[in-house]
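Presented below is the structure to which this report refers.
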Amino acid sequence: MADLQALAETVINGQKEEAERLTQAAIDEGVRPGEIINGGLIAGMSVVGEKFKNNEFYVPEVLIAARAMQSAMAKVKPLLTEGEMEVKGRVAIGTVKGDLHDIGKNLVAMMLEGGGFEVIDLEVDVSPEDFIAAVTEQGANVIALSALLTTTMPSMKDTVDAVAEAGMSGKVKVVIGGAPVTQSYADEIGADGYAPDAASAVDKVTELLA
Ligand code: B1M
């Protein structure tokens, strides 16, 4: 039987090959991709985050764990998108200007793809202008902003303001998230939605486009 706790441990310990092997075993046993991601990969990375906060882990351990998680994720990702027929909307996602954290943003992007959305991944350090360009040039109808630093959260407000200045408020929905972000911050800056994690980001975008 698939052992998602053991998979989480391989992420925590940065065991890339073992993480890939256990992920493949879970896939072969028919465990749903979302379950592998939530119960194994995200669960492991949350522990890594805690250890980093408590100074039990330093940057190198964190990067090694992230590499194990991302390479295991690469095995699950094609399955999340496989068989999806209806494209529910086009989401331009990125980590905001000045912010280079992309693990959570990548999870949200993958879950959105798995939820039937077309995802335009603008990567990291994305300016408000680049988000607007994704709407005007690539037809995005949702802008999804991720921030992990309190110092980069103001760029979320700048992006919401840029959407209003471009006359797109209401037509393009802006959803925000990331560890320091809250519903009350979303309300304060006038974002259309907030989600605390990757799975609820899919629910929120679905709700906003309904
Ligand atoms: Co950084 N870092 N980091 N870091 N880092 C944090 C965020 C920090 C909390 C660590 C700490 O001090 N305890 C702290 C921020 C403090 C603050 O502002 N409040 C911090 C800092 C200070 C920094 C640097 C400034 C350190 C330095 O250089 N002095 C620097 C900044 C670089 C920059 O961005 N300009 C830095 C650098 C790095 C690394 C490069 C080493 C690495 C990033 C690697 C990468 O992303 N490729 C890193 C990491 C890994 C972390 C921690 C340990 C883990 C972040 C992570 O990936 N978590 C983090 C500590 C922590 O979180 N406890 C920390 C796992 C990931 C799955 O969670 O991204 O929260 P998360 O995503 C979640 C939800 O938030 C949500 O869904 C995801 C999963 O369900 N979500 C969304 C995310 N985006 C969403 C968008 C949505 C909806 C939901 O809608 C659109």
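Start at 1 with the first residue, then count along the sequence. All ligand and atom numbering here is 1-based and tracks the order in the structure. The model shown is predicted, which means the values in this text are computed figures rather than measured ones.
Proximity to Ile176 (heavy-atom distance under 4.0 Å) selects the following atoms of ligand 1: 87 (C), 90 (O). Near Ala195, with a cut-off below 4.0 Å to any heavy atom, the atoms of ligand 1 are 88 (C), 89 (C). Heavy-atom contacts of Met45 reach the following atoms of ligand 1: 65 (C) (cutoff under 4.0 Å). Numbered from 1 in the order shown, with element, the atoms of ligand 1 that lie under 4.0 Å from a heavy atom of Ala144 read 91 (C). Near Asp99, meaning under 4.0 Å from any of its heavy atoms, are these atoms of ligand 1: 34 (O). Atoms of ligand 1 found under 4.0 Å from any heavy atom of Gly178, numbered from 1 in the order shown, are 75 (O), 81 (N), 82 (C), 83 (C), 84 (N), 85 (C). Per-residue contacts place Val175 under 4.0 angstrom from the following atoms of ligand 1 (heavy atoms of the residue considered): 91 (C). Residue-ligand proximity, Pro196 to ligand 1, at heavy-atom distances under 4.0 Å covers atoms 74 (C), 76 (C).
Distance alone, capped at 3.5 Å, is enough to place a donor-acceptor pair between the Tyr194 side chain and the Val181 backbone.
Neither Ile93 nor Val163 shares a network with the other; the hydrophobic side chains, linked directly or stepwise wherever heavy atoms of I, L, V, M, F, W or Y lie under 4.5 Å apart, form separate groups for each.
Counting heavy atoms closer than 4.0 Å to ligand 1, residue His101 contributes atoms from both its backbone and its side chain. At a heavy-atom distance under 4.0 Å, atoms from both the backbone and the side chain of Leu100 approach ligand 1. Contacts of Leu145 with ligand 1, taken as heavy-atom pairs under 4.0 Å, involve the backbone alone. The proximity of Ile93 to ligand 1, defined as any non-hydrogen pair under 4.0 Å, does not occur for either the backbone or the side chain. Contacts between Ala179 and ligand 1 below 4.0 angstrom, taking non-hydrogen atoms only, involve backbone and side chain alike.
At least one N or O atom of Ser146 sits closer than 3.5 Å to an N or O atom of ligand 1. At least one N or O atom of Thr150, backbone or side chain, sits closer than 3.5 Å to an N or O atom of ligand 1. An N or O contact shorter than 3.5 Å links Asp102 to ligand 1 by distance. The distance criterion of under 3.5 Å between nitrogen or oxygen atoms is met by Gly98 with respect to ligand 1.
Residue contact check for ligand 1: Pro180 places no non-hydrogen atom closer than 4.0 Å to it. Under a 4.0 Å heavy-atom criterion, Ala66 is not in contact with ligand 1. Distances shorter than 4.0 angstrom do not occur between any heavy atom of Ser200 and any atom of ligand 1. Put simply, no part of Thr151 is less than 4.0 Å from ligand 1, judged by heavy atoms.
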Evaluate the criterion salt bridge (Lys or Arg N to Asp or Glu O under 4.0 Å) for residue pair Lys97 and Asp130; output intermediate values, then yes/no.
CA-CA 10 Å; Lys97 193 167 173 55; Asp130 288 340; over 6 Å; no
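Side-chain polar atoms of Asp187 and Ser184 form no donor-acceptor pair below 3.5 angstrom. Looking only at atom types and distance, the side chain of Glu20 has no donor-acceptor partner in the side chain of Gln24 under 3.5 Å away.
Of all non-hydrogen atoms in Val172 and Asp192, the two that sit nearest each other are O-OD2, 3.7 Å. Of all non-hydrogen atoms in Thr10 and Ala68, the two that sit nearest each other are O-CB, 4.4 Å. In terms of heavy atoms, Met168 sits closest to Thr136 at CE-CG2, 3.4 Å. Minimum interatomic distance between Ile103 and Ala66 (heavy atoms only, all atoms of both residues): CD1-CB, 3.4 Å.
Exactly one residue among Asp99, Asp102, Leu100 makes a side chain to side chain contact (heavy atoms under 4.5 Å, CB included) with Asp125. That residue is Leu100. Shown are Thr95, Val124, Asp121; of these, the side chain to side chain contact (heavy atoms under 4.5 Å, CB included) with Asn106 is made only by Asp121.
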